[in-house]
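Have a look at the structure below before the remarks.
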Amino acid sequence: MRPPVTDFIAREAQFGAQNYAPLGVVLSRGEGVWVWDTDGKRYLDCLSAYSAVNQGHCHPKILAAMVEQAGRLTLTSRAFHNDQLAPFYEELAELTGSHKVLPINSGAEAVESAIKSVRKWGYEVKGVPDGEAEIIVCADNFHGRTLAIVGFSTDPDTSAHFGPFAPGFKIIPFGDARALEDAITPNTVAFLVEPIQGEAGVIIPPSGYFPRVRELCTGHNIMLILDEIQTGLGRTGKLLAEQHEGIEADVTLLGKALSGGFYPVSAVLSNNEVLGTLKPGQHGSTFGGNPLACAVARAALRALVDEGMIENAAAQGARFLEGLRSIRANTISEVRGRGLMLAVELHPEAGPARRYCEVLREKGILAKDTHDHTIRIAPPLVITPDQVDWAVEQIGAALTQDLS
Ligand SMILES: *Cc1c(COP(=O)(O)O)cnc(C)c1O
């Protein structure tokens, strides 16, 4: 007999670190936009593992590539070459218009790798005095969970009691180009920013912000690092969110959907100047660039492009946004989004967003609250118009209830 759902949840609580507060659903299977719980109830996944499963759950072609490669060669370490790394580099560089690729595993490691690379570039190319490099970041950022990264987070939950932290970071408001201009010094080596702040609640900067940021970075010889770990790979209806702004980053960070959710794969993309400063022995990772990761990532990129998922994200994102905006509910204060990166902001009087996520779960939709009053909606990019319409109907029904 299958154990009851409460048993899985109780044993997790008993044996696991309690660093998450999941909704009370235990999932055991996924396919495309759908996931099923241990009782066989089906849900539309409107989180997509924080945009790691843009290609849909258990995409058959990525699965096939993974199984094939897993039976052939999984890990060599970078002490030797492998036959998947070069094609992965070439295909990713060609797709994104980058010169060089540094393969690594998690998103946070990509951010750390970028920080190390731009500091080194600052000392060896720009001529900043050793130990003085400054990196500018934004308030309400989310770049991951390592110590260097949480040290420049402004979210107290993220950083409290984890210090002491690494110096060399300056925090400015997001969306304020003037603040960037004022924060720049001769020792500034980089500006690290998300094109749209995801974890902060899908915060889209004012138009004109990024073109001005690009101008300032170029003018002061500062590397613009765009963290596209969540916004990249089709989520916003373009391959990279920077394309909405008509700019190009100097350093681009990818992760999450780079493997379609099968495996942790991330990458730093850059020009020759920045990644060229890393010499043998100066940076690395046992699993970074392993043949299994490369084969999975190649298949994940192919699925995204060949199956028109990026165009679908643009079309269904527009449909979803329009649908959400047509909901007449006095619980809603704002609906915003770009592509399939959407958020519904609730009035504080409506009560915590989590309660509405629980109602949505009963209606067969899994979505995640963020910051008390925001419901984030980010389904896999393979969602169909009918599924969007159905989701909008459920969300409308949930949000017209008064749960305050
Ligand atoms: C998820 C995320 C990260 C961290 O990725 P991990 O794989 O969890 O380390 C970094 N930046 C952004 C914008 C993210 O959304």
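In listed order, ligands and their atoms are each counted from 1.
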In residues 165-174, what donor-acceptor pairs under 3.5 Å come from side-chain atoms, sequence neighbours left out?
{"unit_1": "K170", "atom_1": "NZ", "unit_2": "A183", "atom_2": "O", "d": "2.9"}

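- Salt bridge absent: E109 and R145 never bring a charged side-chain N and a carboxylate O closer than 4.0 Å.
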Return all side-chain donor-acceptor pairs below 3.5 angstrom for residues 227-234, not counting sequence neighbours, or 'none' if the list is empty.
{"unit_1": "D227", "atom_1": "OD1", "unit_2": "I229", "atom_2": "N", "d": "3.0"}
{"unit_1": "D227", "atom_1": "OD2", "unit_2": "H143", "atom_2": "ND1", "d": "2.8"}
{"unit_1": "E228", "atom_1": "OE1", "unit_2": "T231", "atom_2": "OG1", "d": "2.9"}
{"unit_1": "E228", "atom_1": "OE1", "unit_2": "A241", "atom_2": "N", "d": "2.7"}
{"unit_1": "E228", "atom_1": "OE2", "unit_2": "A241", "atom_2": "N", "d": "3.2"}
{"unit_1": "E228", "atom_1": "OE2", "unit_2": "E242", "atom_2": "N", "d": "3.0"}
{"unit_1": "Q230", "atom_1": "OE1", "unit_2": "R376", "atom_2": "NH1", "d": "3.3"}
{"unit_1": "Q230", "atom_1": "NE2", "unit_2": "E199", "atom_2": "OE2", "d": "2.9"}

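- Listed by chain and residue number, nothing satisfies the side chain to side chain donor-acceptor pair (under 3.5 Å) test with T370 (two or more places apart in sequence, or in another chain).
- If you look at ligand 1, the protein residues with a non-hydrogen atom under 4.0 Å away are S106, G107, A108, F142, H143, G144, E194, D227, I229, Q230, K256.
- Salt-bridge check for E215 with R212: passed, with a basic side-chain N closer than 4.0 Å to an acidic carboxylate O.
- At a threshold of 4.0 Å, the pair R319-D386 does not count as salt-bridged, since none of the basic side-chain nitrogens sits closer than that to a carboxylate oxygen.
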